[in-house]
Amino acid sequence: MRLLLATWNINSIRPRAEPLRRLIAYERPDILCLQETKVADDHFPHGLAQELGYGHRLVRGEPGYNGVAILSRVPLIPLPHRDFCRKGDCRHLAARLPGGIELHNLYVPAGGHVADPRANPKFAHKLAFLDEVARWLKRQRAGNGLILAGDLNVAPLPADVWSHEKLLGVVSHTPIEVEALERIRAAKGFTDALRHFIAPETKLYSWWSYRARDWRASDRGRRLDHIWVTAPLASRLSSAHVLKDARDWSPPSDHAPVLAGLEIEHDIALARPEPRR
DNA sequence: ATGGTTGTGCGACAA
């Protein structure tokens with residue numbers, strides 16, 4: 001059977017109930033990783049998620065900023081989350097899925113505007129965060145498969161931005177960030193699910209600024225949201241796409257959901273989660 | 001275009 005995984009920077013979950021309903025109506029993902037939920041845990045809309053069929057949930061939020069959640073139709077075993085850069089912010093959640101697959105939902109700092117870590121502490125934080133993730137991942141066991149999904153806030157390929165030349169100095173596409181992201185990818189030999197199916201030369205974005213008069217017409221996008229899988233899962237990838245239409249759903253997030261399908265054993269899909277070690 | 005928009009929570013920030 002196919003396990004459909006989605007990641008979406010929802011830019012606040014509370015005003016986005018209708019877009020969330022539409023995502024479920026259009027795609028019905030089995031597992032949904034959310035970033036920028038912008039809600040403290042005691043205000044998370046559990047009722048909405050439950051109503052949409054997500055009986056298994058991990059949420060980790062703070063008031064106003066950041067915040068991650070994993071909504072699932074299949075059982076989740078919570079795994080320890082990391083506090084990268086020790087800021088006490090909410091940018092990572094991890095879970096074990098049936099079949100011993102590990103899922104990591106990550107929200108990488110955006111990094112501010114100035115692409116100089118000496119002049120811009122936010123950019124320094126982003127680079128330190130990416131470096132820490134890479135070093136931590138190297139120590140992780142890949143086991144039956146790792147999935148890294150989330151808003152990684154880096155567009156790695158020239159075709160992941162509307163103009164490679166114009167964005168070389170713009171935070172999200174600078175060579176230093178692309179190199180840092182590549183170290184994360186190389187740490188476990190991840191396969192980029194979208195680029196597994198879509199040629200690297202094909203323009204592909206998952207984010208369009210709110211500031212454009214007509215985001216679709218100007219199409220100045222960037223591919224900031226990613227689903228990566230390790231080798232045991234790469235051979236099981238059956239589909240991947242960006243749900244671009246969601247950028248128009250009212251009220252829109254500035255990010256569109258990214259989805260990937262994995263063909264997994266039927267008995268794994270139905271298996272009860274393994275006991276926590 | 002030192003712009004432009006959105007969310008949070010009610011004034012700046014962060015994106």
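Since the model is a prediction, treat every value here as computed from it, not as a measurement. Each chain gets a letter, A, B and so on, in the order its sequence line appears, and its residues count up from 1.
Using a 4.0 Å cut-off between charged side-chain N and carboxylate O, E62(A) and R91(A) make no salt bridge. Ion pairing between E18(A) and R21(A) holds under the 4.0 Å rule for side-chain N and carboxylate O. Ion pairing between a basic and an acidic side chain is recognised when a charged N comes within 4.0 Å of a carboxylate O; D83(A) and K87(A) show no such pairing.
Spacing between dA1(B) and dA12(B) at atom C1', rounded to whole Å, works out to 24 Å. Nucleotides dG9(B) and dT5(B) have their P atoms positioned 22 Å apart, rounded to a whole Å. Taking the C1' atom of each, dG11(B) and dT6(B) are spaced 16 Å apart, rounded to whole Å.
Taking every heavy atom of residues 14-26 of chain A and every atom of DNA chain B, pairs under 4.0 Å involve R14(A), P15(A), R16(A), by number.
Counting heavy atoms of neighbouring residues, nucleotides and ligands inside a 6.0 Å radius, atom CZ of R73(A) exceeds 12 of them. Within a 6.0 Å radius of CZ in R216(A), other residues, nucleotides and ligands contribute more than 12 heavy atoms. Counted within 6.0 Å of NZ on K203(A), heavy atoms from surrounding residues, nucleotides or ligands total more than 12; the atom is thus considered enclosed.
By the side-chain hydrogen bond (donor to acceptor under 3.5 Å, both in side chains) test, H43(A) is found to be paired with no residue, residues two or more places apart in sequence or in another chain being considered.
Taking the nucleotide of DNA chain B with the nearest heavy atom to each of N66(A) and P251(A), the more 5' of the two is matched to P251(A). Comparing G64(A) and A110(A) by the nucleotide of DNA chain B that holds the closest heavy atom to each, the one mapping nearer the 5' end is G64(A).
Between chain A and DNA chain B, the heavy-atom contact criterion of under 4.0 Å yields a 5' to 3' nucleotide range of dA1(B) to dA15(B).
For the 3.5 Å distance criterion, the side chains of Y26(A) and D245(A) fail to qualify, holding no donor opposite an acceptor.
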